[in-house]
Engineer: 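What follows is a single structure, and I will ask about it in a moment.
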Amino acid sequence: MSDSLSTEQLAQFAALINNTNIIDLVANGQISQGQLTLFHAALGKIIAPAPAATAKTAHEVLAEYWQNFDLWKQAAPTGHTHFDNTLGGGFLPGRLYALLGQPGVGKTTLAIQWAVSIADTGRPVIYVTSEDSPHQLMCRTLARLANIDYGTVLGSANGAQKTVSRERIESVIAAYNERRSAQTLLIVEHAGMFSISALEAAISAHVAKFPGAGAPIVVIDYLQRLARSSAAMAQMDIRQAVTALTEQLREYAKRANVSMLVLASQNRDSYGGGNGKDRSMLASAKESGDIEYTADVLAALVVDDRAAPDSETRTLLLKIEKNRQGKTGQIKIDYNPSRQRLDEVDEHANGKR
């Protein structure tokens with residue numbers, strides 16, 4: 001456990017316990033960072049009781065039909081047409097979406113591409129990252145939008161386009177700052193112990209800046225890592241922790257009317273899921289707990305081993321195996337790692353009811 005909290009964590013903690021003087025108390029030495037960190041971790045172990053079950057007659061349910069029907073108008077399109085059509089228009093509020101995939105297959109690239117596309121419509125998006133830094137996520141985005149090699153944008157010595165000037169990068173940054181997502185996309189970098197209460201505080205503060213902008217989107221990147229670092233689940237094994245965190249995130253999505261997208265790793269024996277011999281994606285989440293039961297939509301990003309290899313792009317399949325919102329099936333995607341871009345192939349999704 002870290003012996004100190006960041007300034008952002010202090011602010012979130014102060015808001016959580018409704019004591020704006022807490023930061024001054026730490027600064028003045030009246031409360032040590034060690035004491036506060038222990039208190040912060042202990043508070044994170046307090047899990048809100050599950051909501052009581054609700055009972056309604058069929059008549060009462062039918063009376064709410066049009067209210068629930070109108071929820072579909074709140075769907076947030078991802079920018080990938082076939083995927084959005086499969087979901088019924090995009091991400092719906094109050095739903096939990098799970099995206100599985102092996103390390104390096106492109107889950108983060110796809111998730112940040114969706115996040116920026118949705119945030120550009122004016123909706124608040126909160127991206128919680130436990131792997132890539134905010135700088136890396138924005139470099140992925142700049143590479144995609146400007147069609148520049150990712151290594152070059154990142155500043156890597158292995159960047160392919162050595163001719164890209166500082167002025168060119170500055171112009172790309174300036175162009176991005178004109179986009180709505182420059183304000184509506186909040187990137188939360190996870191460090192230390194994970195607290196869902198602190199996350200809720202950060203989400204609420206960001207959403208409050210954009211009243212009337214539509215239901216927010218929350219991206220968790222990625223599920224297993226945050227479950228391992230959750231103070232509330234410190235005594236659980238990883239499978240139990242993943243189950244508990246997934247249930248909490250789904251409950252929060254329903255309660256706060258947000259769309260929740262969680263990224264999760266797959267078992268190694270399920271890699272290469274595009275070769276036609278893969279077992280069910282419902283059983284392929286690595287250390288998954290009961291994510292296959294909890295998620296409203298379960299999708300996996302896998303390499304299509306049947307596609308011809310290409311030096312610039314690789315062919316992936318976005319496989320939707322569980323969908324409480326409608327269709328299942330798969331969508332073919334071209335992935336250009338150099339440009340950090342994923343584009344749907346222009347063909348109909350192979351869907352089924």
Side-chain angles (χ1 to χ4, degrees), residues 1-3 5 9 37-38 40-50 95-112 126-133 137 188-200 202-203 218-254 258 260-273 278-302 319 321-322:
M1 181 187 300
S2 171
D3 61 357
L5 301 177
Q9 286 175 312
T37 302
L38 288 173
H40 184 270
L43 189 63
K45 293 182 180 180
I46 301 174
I47 302 176
R95 305 291 202 277
L96 180 88
Y97 301 81
L99 177 63
L100 311 179
Q102 69 186 73
V105 75
K107 297 189 303 297
T108 294
T109 302
L110 182 59
I112 192 63
I126 299 88
Y127 195 107
V128 182
T129 176
S130 63
E131 289 207 312
D132 281 23
S133 68
L137 290 174
V188 179
E189 185 173 18
H190 165 67
M193 301 297 286
F194 176 70
S195 165
I196 194 167
S197 297
L199 174 62
E200 290 186 30
I203 293 171
V218 179
V219 181
I220 302 293
D221 185 5
Y222 70 100
L223 186 63
Q224 284 89 348
R225 187 160 187 173
L226 292 186
R228 286 191 185 97
S229 63
S230 172
M233 300 154 198
Q235 304 305 315
M236 302 178 184
D237 65 36
I238 184 59
R239 185 178 180 86
Q240 291 174 323
V242 168
T243 297
L245 181 56
T246 306
E247 289 284 358
Q248 285 191 25
L249 291 172
R250 183 168 187 259
E251 187 277 328
Y252 171 67
K254 294 175 67 175
V258 308
M260 184 73 64
L261 171 64
V262 298
L263 276 56
S265 294
Q266 282 181 274
N267 284 321
R268 292 189 178 276
D269 62 358
S270 294
Y271 292 179
D278 56 306
R279 63 194 179 97
S280 172
M281 290 297 143
L282 295 177
S284 70
K286 183 180 180 182
E287 300 167 336
S288 67
D290 292 328
I291 186 175
E292 63 268 29
Y293 304 114
T294 306
D296 295 292
V297 176
L298 185 70
L301 193 61
V302 299
K319 308 184 74 172
E321 188 152 313
K322 175 186 177 182

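Position 1 is the first residue of the sequence; numbering continues from there. Predicted, not measured: the structure shown is a model, and the values here were computed from it.
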Engineer: Test: salt bridge (Lys or Arg N to Asp or Glu O under 4.0 Å). Region: residues 190-200. Which pairs qualify, not counting sequence neighbours?
Structural biologist: Glu200-Arg255

Engineer: Please round to the nearest 0.5 Å and tell me the distance separating atom NZ of Lys254 and atom CE of Met260.
Structural biologist: 13.0 Å

Engineer: Determine yes or no for a side-chain-to-main-chain donor-acceptor pair under 3.5 angstrom, with Gln224 supplying the side chain and Ser265 the backbone.
Structural biologist: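 Side chain of Gln224 to backbone of Ser265: a pair is present.
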
Engineer: Give a yes or no on whether the backbone of Tyr222 and the side-chain of Ser130 come within a donor-acceptor separation of less than 3.5 Å.
Structural biologist: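 Judged by distance alone, yes, a pair lies under 3.5 Å.
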
Engineer: Ignoring hydrogens and angles, tell me if any N or O in the side chain of Lys322 forms a donor-acceptor pair with the backbone of Ala295 under 3.5 Å.
Structural biologist: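 It does hold such a pair.
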
Engineer: Is Asp296 reaching over with its side chain to a backbone N or O of Leu96, donor-acceptor style, under 3.5 angstrom?
Structural biologist: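 Side chain of Asp296 to backbone of Leu96: a pair is present.
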
Engineer: Heavy atoms, side chains only, cut-off 4.5 Å: are Leu298 and Glu321 in contact?
Structural biologist: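 They are not in contact (no side-chain heavy atoms under 4.5 Å apart), so the answer is no.
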
Engineer: If I take atom CG from residue Leu245 and atom CD from residue Glu247, how far apart are they, to the nearest 0.5 angstrom?
Structural biologist: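 These two atoms lie 10.0 Å from each other.
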
Engineer: Say whether, by atom type as modelled, one donor and one acceptor occur between the side chain of Lys107 and the main chain of Gly101 under 3.5 angstrom.
Structural biologist: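 Present.
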
Engineer: Report the distance from atom CG of Leu199 to atom OH of Tyr252, rounding to the nearest 0.5 Å.
Structural biologist: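 Result: 6.5 Å between the selected atoms.
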
Engineer: Measuring from Ile220:CD1 to Leu99:CG, what's the distance to the nearest 0.5 Å?
Structural biologist: 13.5 Å

Engineer: Could you walk me through whether Tyr127 and Thr108 pass the side chain to side chain contact (heavy atoms under 4.5 Å, CB included) check?
Structural biologist: CA-CA 10 Å; Tyr127 195 107; Thr108 294; 3.6 Å; yes

Engineer: Give, for atom CD1 of Ile291 and atom CZ of Arg250, the distance between the pair rounded to the nearest 0.5 Å.
Structural biologist: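 Those atoms lie 12.0 Å apart.
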
Engineer: Distance from Leu263 atom CG to Asp221 atom CG, nearest 0.5 Å?
Structural biologist: 4.5 Å

